[in-house]
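Contents: one structure, followed by commentary.
Both ligands and their constituent atoms are indexed starting at 1 by order of listing.
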Amino acid sequence: MASKQQNRTTIWVFGDQLNSSLGPLATSDPQDSTILMVESKEHLGRRPWHRQRAHLIVTSMRRFARELERNGFVVDYQVASSYRAGLGAHCKEFEPTKVIAMSPSSHSGRHFVASLGVELEPDERFLTSVEEFETLFSGKKRVTMETFYRWQRRRLGYLMDGDEPVTGRWNYDEENRQSLPKSGVAFPEPIVDELDDLDRSVLEQLPASLVGAEPVGLWPTSRSAALERLRHAIDDVLPQFGPYEDAMTTKSWHLAHTLLSPALNLGLLHPSEVADAIEVAYRSGAVPIASAEGLLRQIIGWREFVWCLYWSQGTSYLESNELDATRPLPPLFSGTSTEMNCMSTVLADVEAYGWTHHIPRLMVLGNLALLAGIEPRALMDWMWERFVDGAEWVMAPNVLGMALYADGGVMATKPYAAGGAYIDKMSDFCQDCTFDREVRTGERACPFTTLYWDFIARHTDRFERNPRIARQVAASKKLSDLEDVRARARQVLDRLDQGKL
Ligand code: SF4
């Protein structure tokens with residue numbers, strides 16, 4: 001119970017800002033400021049969040065509140081019906097002279113909190129400001145990740161030798177797209193913390209509307225646990241990361257991925273800490289350049305790029321639907337079983353851990369939604385709810401833009417559409433599947449392969465002048481069985497809608 005301290009500044013800390021070194025917390029004095037944290041029951045019950053996601057956020061917030069109290073702050077931790085009610089109850093009791101906060105990380109969050117009279121300060125959880133991003137691309141026809149990434153490398157100085165990359169190469173994508181050898185690879189196991197009393201009390205109090213498996217201690221809920229994960233990621237995982245970063249397998253849900261995104265997205269880690277650690281590991285000779293560059297690209301490249309793109313595109317981006325996709329999310333996304341081994345493996349991983357790496361997200365879940373014409377917001381909301389690292393700012397560019405081409409090519413220069421051949425090349429999923437990835441018509445036809453050719457044929461006019469996909473469009477025109485493919489695609493889509501695929 002917070003002791004009453006009136007007429008002081010209140011700092012409102014949100015659930016994804018759990019870092020004492022950032023924003024108003026970094027310069028505040030426990031003698032002058034009160035901390036407000038609000039756990040909103042309305043927010044927790046509004047969507048079918050993954051249980052591990054809800055547990056991660058609530059437990060991390062409560063642990064952070066305790067940490068701030070240990071550091072001398074008065075913390076008013078409100079468990080309230082809504083954010084508005086939590087702020088109202090706080091103001092009634094504490095009568096603050098003003099309420100300040102680091103800016104929330106969504107358009108609607110910023111608008112809402114500002115409308116409550118809260119003074120907003122810049123978000124310091126990223127390395128790049130939106131103003132810098134917009135200046136970089138001012139007057140340019142299009143924004144590209146590679147331009148942004150090289151600018152980041154030069155500006156921030158990671159893996160650089162003066163103005164040039166340390167090895168003379170910017171990109172190791174070729175080395176980093178290997179499929180797994182048949183003999184398999186042993187990947188380092190993730191750290192798992194034992195659940196404590198706080199974890200258990202949070203789990204007892206979470207709403208019944210949640211989905212997904214119970215947490216087992218995979219995701220760090222404190223700064224110290226996040227720092228332990230960072231050390232493990234750099235020392236044990238990163239050396240193996242690069243070559244198989246795009247591979248998928250039924251034998252390991254994590255492969256050599258660092259699993260740091262939830263901690264980064266809650267503020268428990270700062271991207272500069274990860275980038276600094278990559279630099280040190282590479283310079284010491286502990287990590288090959290392809291792995292170091294691959295992770296650095298994710299941290300200072302992709303992650304910062306989607307953050308800036310989200311803000312620079314504005315709220316209309318959230319309604320993007322360039323391909324007029326209107327199909328509701330099929331039942332297999334809600335737990336109906338499926339014979340597609342790729343989908344069933346990836347969906348089982350999401351159920352079990354609230355996480356899969358970027359390729360199952362993009363080339364299995366997103367790819368099926370793209371090919372089937374699933375309504376973009378439906379997939380975006382599903383991913384936001386089901387992934388422990390989900391947030392609107394990350395899901396909008398990645399799902400609407402990258403996976404579904406709903407933004408018409410702002411985020412990606414081509415639709416990431418692929419048939420069964422790609423999935424077979426990058427995984428072992430097809431080996432034990434009912435379907436045959438090489439067949440596009442008939443009962444054994446791989447749904448991805450059938451829908452791929454149907455998708456290309458459906459959008460011929462739109463894509464035949466796009467040099468990155470024109471070859472596939474031309475090939476689709478030469479298919480002698482295109483009518484049969486289209487008939488099979490209708491059957492596949494009907495079964496998908498009925499939950500019978
Ligand atoms: Fe997926 Fe098709 Fe491969 Fe089956 S054959 S695992 S449906 S890509």
Side-chain angles (χ1 to χ4, degrees), residues 177-182 184 244 246-255 327 329-352 356-374 379 382-383 386 402-405 414-458 469 472 475-476 479 481-482 484-501:
R177 284 182 181 149
Q178 293 180 38
S179 44
L180 290 168
K182 288 235 167 2
Y244 306 120
D246 283 4
M248 303 176 280
T249 172
T250 53
K251 297 180 184 74
S252 170
W253 64 275
H254 48 77
L255 292 95
R327 185 173 302 283
L329 209 57
L332 81 168
F333 283 88
S334 318
T336 310
S337 65
T338 173
E339 289 182 312
M340 291 182 280
N341 199 30
C342 51
M343 285 297 289
S344 105
T345 305
V346 173
L347 288 166
D349 285 347
V350 176
E351 157 82 15
T356 60
H357 72 74
H358 58 286
I359 295 298
R361 294 187 202 204
L362 178 68
M363 299 308 295
V364 179
L365 300 171
N367 187 23
L368 183 72
L370 171 71
L371 301 180
I374 289 169
L379 183 72
W382 183 88
M383 285 200 161
R386 296 314 205 270
M402 189 90 173
L404 301 181
Y405 202 75
K414 64 164 189 175
Y416 277 84
Y422 173 85
I423 294 173
D424 187 41
K425 179 169 168 253
M426 297 310 298
S427 77
D428 55 7
F429 298 156
C430 301
Q431 292 162 19
D432 297 317
C433 186
T434 308
F435 302 108
D436 185 336
R437 61 103 180 151
E438 290 184 338
V439 179
R440 55 180 177 250
T441 60
E443 281 298 313
R444 289 194 61 239
C446 163
F448 280 84
T449 302
T450 305
L451 293 178
Y452 171 76
W453 289 112
D454 182 61
F455 173 85
I456 298 287
R458 251 183 6 248
I469 195 171
Q472 288 91 322
S476 81
L479 289 181
D481 57 355
L482 190 55
D484 294 339
V485 170
R486 293 190 130 164
R488 170 65 179 166
R490 284 192 293 277
Q491 193 181 50
V492 164
L493 292 171
D494 281 348
R495 290 186 187 172
L496 203 56
D497 290 342
Q498 294 161 19
K500 293 180 179 164
L501 189 67

Which of the ligand 1 atoms, numbered from 1, are nearer than 4.0 Å to a heavy atom of [X]:
X      : result
Phe429 : 6 (S)
Cys433 : 4 (Fe), 5 (S), 6 (S), 7 (S)
Gly420 : 8 (S)

Would you say atom 3 (Fe) of ligand 1 has Cys430 as a near neighbour, meaning an N/O/S atom of that residue under 2.8 Å away? yes
For Lys414, look at atom NZ and say whether over 12 heavy atoms of other residues, nucleotides or ligands are found less than 6.0 Å away.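 Above 12, so yes.
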Tell me whether Cys446 has at least one N, O or S atom under 2.8 Å from atom 2 (Fe) of ligand 1. yes
Heavy-atom donor-acceptor pair, Arg488 side chain to Thr450 backbone, under 3.5 Å: no
Apply side chain to side chain contact (heavy atoms under 4.5 Å, CB included) to residues Arg437 and Tyr422 and explain how you reach the verdict. CA-CA 9 Å; Arg437 61 103 180 151; Tyr422 173 85; over 6 Å; no
Asp246 versus His357, side-chain donor and acceptor atoms under 3.5 Å: no
Give the residue, atom name and distance (to 0.1 Å) of the protein heavy atom nearest atom 6 (S) of ligand 1.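 It is Cys342 N, 3.4 Å.
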Write out the residue and atom name of the closest protein heavy atom to atom 5 (S) of ligand 1, then the distance separating them to 0.1 Å.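 Here the nearest protein heavy atom works out to Phe435 O, 3.6 Å.
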Are Trp382 and Val350 close enough that some pair of their side-chain heavy atoms sits under 4.5 Å apart?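 Of all side-chain heavy-atom pairs linking Val350 with Trp382, at least one is under 4.5 Å.
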Flag the pair Asp494 and Arg490 as a salt bridge only when some basic side-chain nitrogen lies within less than 4.0 angstrom of an acidic carboxylate oxygen.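 Salt bridge absent between Asp494 and Arg490.
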